[in-house]
Amino acid sequence: MAGHLFRSVSALNQVLFALNRTYCLNEKKAVRRIREFPVTLPDYDRRVNGIFGLTAGTLAPCIQALRKLCGEAEELVDREMRPAGDKNP
């Protein structure tokens, strides 16, 4: 299961790098680099580290936290990719 979580977070990392028009050259340092981006999710590094810090017995909260991050990322993409001057939320 840890591999699936890692791939999910890796995909989120790629989304945040793309929104910031930056290449992700190193997966190991990606979460730390995202902390410095102008376009990111609140407390992203802390939240990702929290997901990986959960134990096998806490899989449900881990998946719930990851789903929340994915939902927030989707909203962020919608906001950032909206054409200039579009006032619809």
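Numbering starts at 1 and runs along the sequence shown. This one's a predicted model, so the numbers in the text were calculated from it and none came from an experiment.
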Nearest 0.5 angstrom please: [X] [atom1] to [Y] [atom2], how far?
X	Y	atom1	atom2	result
I34	L12	CD1	CG	8.5 Å
N20	E36	CG	CD	11.5 Å
L16	T22	CG	OG1	10.5 Å

Going only through I, L, V, M, F, W and Y residues with side-chain contacts under 4.5 Å, is there a path from L41 to M81?
->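 Yes; tracing contacts between hydrophobic side chains, which count when under 4.5 Å, links both residues.
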
Residue pairs fulfilling side chain to side chain donor-acceptor pair (under 3.5 Å) with at least one residue in residues 24-33, sequence neighbours excluded | S10-E27

Atom pairs and distances, side-chain donor-acceptor, residues 60-74, under 3.5 Å, sequence neighbours left out:
residue: K68; atom: NZ; partner: E72; partner atom: OE2; Å: 3.2
residue: E72; atom: OE1; partner: R47; partner atom: NH1; Å: 2.8
residue: E72; atom: OE1; partner: R47; partner atom: NH2; Å: 3.1
residue: E72; atom: OE2; partner: R47; partner atom: NH2; Å: 2.8

Between F37 and F17, is the ring centre distance below 6.0 Å?
-> yes

Side-chain contact, heavy-atom cut-off 4.5 Å: N49 with R46?
->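 No - every pair of side-chain heavy atoms lies 4.5 Å or more apart.
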
Do N13 and Y44 get their side chains close enough for a donor-acceptor pair, meaning under 3.5 Å?
-> yes

